[in-house]
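Report on the following structure.
Chain letters run A, B, ... following the sequence lines, proteins first, then strands; residues in each count from 1.
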Amino acid sequence: MEYNYNEIESRWQKAWREQGVYRTEEVEGRPHYYVLDMFPYPSGAGLHVGHPLGYIASDIYSRYKRLRGYNVLHPMGYDAYGLPAEQYAIQTGQHPAITTEQNIARYREQLDKIGFSFDWDREVRTCDPQYYKWTQWTFIQLFNHYYDEEQRKARPISELVSRLEGTEEWQRMTEGERQDYLMGYRLAYLADIPVNWCAELGTVLANDEVVGGLSVRGGHPVERKLMRQWSLRITAYAQRLVDGLEQVDWTDSLKEIQRNWIGRSEGAAVWFPVDDSQKFEIFTTRPDTIFGVTFMVLCPEHEMISQITTLEHREEVEQYVAWAKNRSERERQAEVKKVSGVFTGAYAINPLTEEKIPIWVSEYVLAGYGTGAIMAVPAHDSRDFAFARHFGLPIRQVVAPEKDAVSDPATWEESLDSKTGYSVNSGFVSGMKVKDAMAAVIDKIEEMGIGHRTVNYRLRDAIFSRQRYWGEPFPVYYKEGRPQMLPEECLPLELPEVGDFKPTATGEPPLGHAKVWAWDEQNRRVVETEKIDNKTVFPLELSTMPGFAGSSGYYLRYMDPRNDEAYFSKEAVGYWQNVDLYVGGAEHGTGHLIYARFWNKFLFDIGLAVKDEPFQKLINQGMIQGRSNFVYRSKQDNNLYISKGLIKNMADVTPIHVDINIVDNDVLDLERFKTWRPEFAEARFELEEGRYVCGWEIEKMSKSMFNVQNPDDLVARYGADTLRLYEMFLGPVEQAKPWDTGGIEGVHRFLKKLWKLYDYYLNNQNTQSNQNADLKVLHQTIKKITDDIERFSFNTSVSTFMICCNTLTDLRCASPEVLKPLLVLLAPFAPHIAEELWHRMGETTSVCTARWPECDEQYLVEDTVKYPVQFNGKMRFTLDLPAAATQQEAVEAVLAAPESAKWLGGKEPKKVIFVPKKIINIVC
RNA sequence: GCGGACAUGGCGUAAUCGGUAGCCGCGCCAGACUUAGGAUCUGGUUCCGCGAGGAGUGGGGGUUCGAGUCCCCCUGUCCGCACCA
């Protein structure tokens, strides 16, 4: 029988679907396990071979856990809202709902062909009203809660109100003032804040969506702009987000990325008086250097500037502030090393020395961090140092590496930023170690009542509005200019149809194009009127939520995806708890993975989620890069293409990307090249040994480089099982690697050999094999495969299968006791072939529901001749020798062992290698 | 600049606890079967050397009976952050 993978695979995929083998229900009494993939954005390009890498790994683990008797939740869905889907829709001129639907269908078709064990009954789509109802619901809860610093958790805003009600200040406020005041506490709040405005995309972006002053999506310039926006007070959770990292099983590098992003730093807040009536607060991590302050710097946005600037400096300062505000993010970041600033004419008083210190304004002080004002200590901060040098401000040394190592800062080439050493020229802390001086200065400041110990975070609140169409509408309307939440019973607030969904350059959201988009408060519904009277009919919020809104809680919804009464039932979350294993790219480290942790912690605080952390273990799959091929066109002759080996000088040729589908093993298919594109129809070639050899390079996988490997093509050519095994065989899942189909033949060959092995058994059932040897191979394989899967080393698993198959073939294995359990081991990796052979061996139930074989230790311990049985003509023994055994004793013990006689056949060993304590190696 | 990770044959990689370095696969070489081979099978393949033998895990040092693995320094590559006081 031929191994007809295409027929086998489609037949079993159909059967599994019809039998619903992957449907999951909450069953008491069985251990449960939740394996989750980061759900994909259904973009227009379809899946490429990089996408399934993580899905295959998680699928192997899910299937393994099932075979081990676990009740496994392994769902899949689509992150269908957000910028990429909308950009694609704009490019193709179609409505995003239609293109999204098409893209999802394409993704699903591609995913189905690879044979994943997803429970599709639990599919969620973030753009489905039944799903985003709960995204909107969570937003309302965020709005109605604040973060209680004492309890370190979210509490209803009503608790804050009842605490405030006793105060005189509260009683004096009007209702509007009270609302404005509470807005400063709500976890979802509306405020005028500096945002990343991207004119090209027509929307604001979160910090993680901007890199180097350009939008991650599309690479468009981003500018800073003050806009009234919804934000999530994620900063309230900064400390818990740092602390929670201790509890999860993630890589150290990803934890470190998150720690850096949150950017916790300890220090002090200190008030510096300007005169009797004015003062401003600064933040510093180096309170010990307060005696070295020679100037102060405010950020250009600082509200004190206009009040303190003296008349003679006013014009200059105003010019500077205006200039700084008009600079784009990119300009500012590109010129970080350029020093700029202006003197205000005002002076602050150093509270410890009573010195008068000039106050400057410079954009090197950022508005968003600390208080937007600093005390500058040029001797011990490189940025202050550069500023002082540029403007000729004094530099005073207050820290020295050794107690007497004081020198003239005028001779320094750089500042002394190190926190080791001793304080000098520093009043009452002189002579102390830096660490002690820090504590002493803070104590003094607290005692004087002019400051306190504090912690600052680099993390900013997450801007939550997008001036876009394709996203969740806010369940918000405006009454007297103040936001009101829709009643929860009225959710979901569905996204309306609009004629024109394109973004606008002015920041006017596309939802403004909807004629019917208003809220009738009394009748509790969206109304079809253009007349907003602000008495019974009120305007709705026109922004939509960002991409991360829908993806922040989807893993919880999978637990109970069709629930219409609640986000998810208490029973479902009580059963599944949280995600045991999460697989996805590390590029989400500072975005999704932070937001989702925040979202989960909030739901935990309000009693919905039952675990503080959403993702217990996390594996980051590496990115798969593309391998591009090039042809080389002669610069003299536009129709002449020179084979790579014949090029004398690369300057004489132009490399041109060529579609990898018309290249095989770097050899170009000349006829297909000529018909590939019209400009190559007249091509002539300079061949080496009759072939045209292409050049290659590792690049990002992209359509424009013609290096996209589509999984469908490989499935058609080799089968899904080969693709699955090969993606695992490429190397460790976590590692980034270029896609290279060069080795896929080897994996495919293995499956063909495996097929033959079973074919041999099925045709020769009466023959005998050395069952003891067969069992030894089986149990060694069970042990190795089980260990490999547990530590996510799937590439070595594939090698183990290959060795096992070769050895059993050599042994002419005819033992069903060996061949059947082997199929169970193989089922997570190559489910289709395993299922087919399983049935051919007479089984009637699915191999997906079999029991994982247990390793019988007796086949392992007796001797430890390792794989392969013939190990390059060597044998290895592991003996329990006394630690002090001499080589002579060890060799005698080995030669006395029955295995030795078998292997050496009475002859003397060629060589004996002795390793103290454990190992003896004998070369036969 | 700060933080993190990594570095092994021609290539992808393996070596799980500090104990044979190079498993498995690709590629390559030789052979078998074949009208044929881009099918299949067998053997070989770290480097130098005809050989005995020697060298060898980016470079240098250290710990150890023993180091790819642990420690220090350097070089290179990749990733994250980047005027965060």
Among B:C24, B:A85, B:C41, which nucleotide sits nearest the side chain of A:M802? B:C24
Rounded to the Å, how far apart are A:I744 CD1 and B:C26 P? 12 Å
Among B:G4, B:A39, B:G80, the one nearest A:K752 by side-chain distance: B:A39
If you compare every side-chain N and O of A:N806 against the phosphate oxygens of B:G25 (OP1, OP2), does one of them come in below 4.0 Å? yes
Of the candidate nucleotides B:A14, B:U16, B:C24, which contains the atom at the shortest distance from the side chain of A:N795? B:A14
Nearest to the side chain of A:W261, which nucleotide is it out of B:G80, B:C81, B:A85? B:C81
Please give me the minimum heavy-atom distance between A:A367 and A:E301, naming the atom from each residue. CB-OE1, 3.5 Å
For the side chain of A:K784, starting at C-beta, report the closest nucleotide among B:A15, B:U16, B:A85. B:U16
Tell me the interatomic distance from A:D384, atom CG, to B:C83, atom P, rounded to whole angstroms. 15 Å
Which nucleotide wins on minimum distance to the side chain of A:D381, given the candidates B:G3, B:A85, B:A14? B:A85
Considering every strand and a 4.0 Å limit on heavy-atom distances, what is the contact class for A:L366: base, sugar-phosphate, or nothing? base
Please confirm whether the backbone N or O of A:A268 pairs with a side-chain atom of A:H452, one donor and one acceptor, at under 3.5 Å? no
From NE2 of A:H380 over to P of B:C83, roughly how many Å is that when rounded to an integer? 23 Å
Can you tell me how far P of B:A82 sits from CG of A:D208, to the nearest Å? 10 Å
A:W739 CH2 to B:C11 C1', straight-line distance once rounded to whole Å: 16 Å
I need the CG-P distance between A:L245 and B:G80, as an integer number of Å. 19 Å
Looking only at the side chain of A:T796 (C-beta and beyond, no hydrogens), which of the listed nucleotides B:G3, B:C83, B:A15 gets closest? B:A15
A:D788 bridged to A:K784 by N-O distance under 4.0 Å: yes
In whole Å, I'd like the distance from the NZ atom of A:K737 to the P atom of B:A5. 20 Å
A:Q397 side chain to A:V399 backbone, donor-acceptor under 3.5 Å: yes
Tell me whether B:C17 sits syn or anti, counting syn as a glycosidic angle within 90° of 0. syn
What nucleotide, of B:A85, B:A15, B:C81, holds the atom closest to the side chain of A:R791? B:A15
State the syn/anti category of B:G80 according to its glycosidic angle, syn meaning within 90° of 0. anti
Closest to the side chain of A:R458, out of B:U40, B:A82, B:G25, is B:A82
Roughly, in whole Å, what's the span from CG in A:L254 to C1' in B:G80? 10 Å
Output, in order, the C-alpha distance, side-chain angles, deciding distance and verdict of salt bridge (charged side-chain N to carboxylate O under 4.0 Å, His left out) for A:K783 and A:D787. CA-CA 6 Å; A:K783 174 142 182 39; A:D787 290 352; 3.1 Å; yes
Would you say A:Y320's side chain and A:E363's backbone share a donor-acceptor pair under 3.5 angstrom? yes
Nearest to the side chain of A:N260, which nucleotide is it out of B:A85, B:G12, B:G3? B:G3
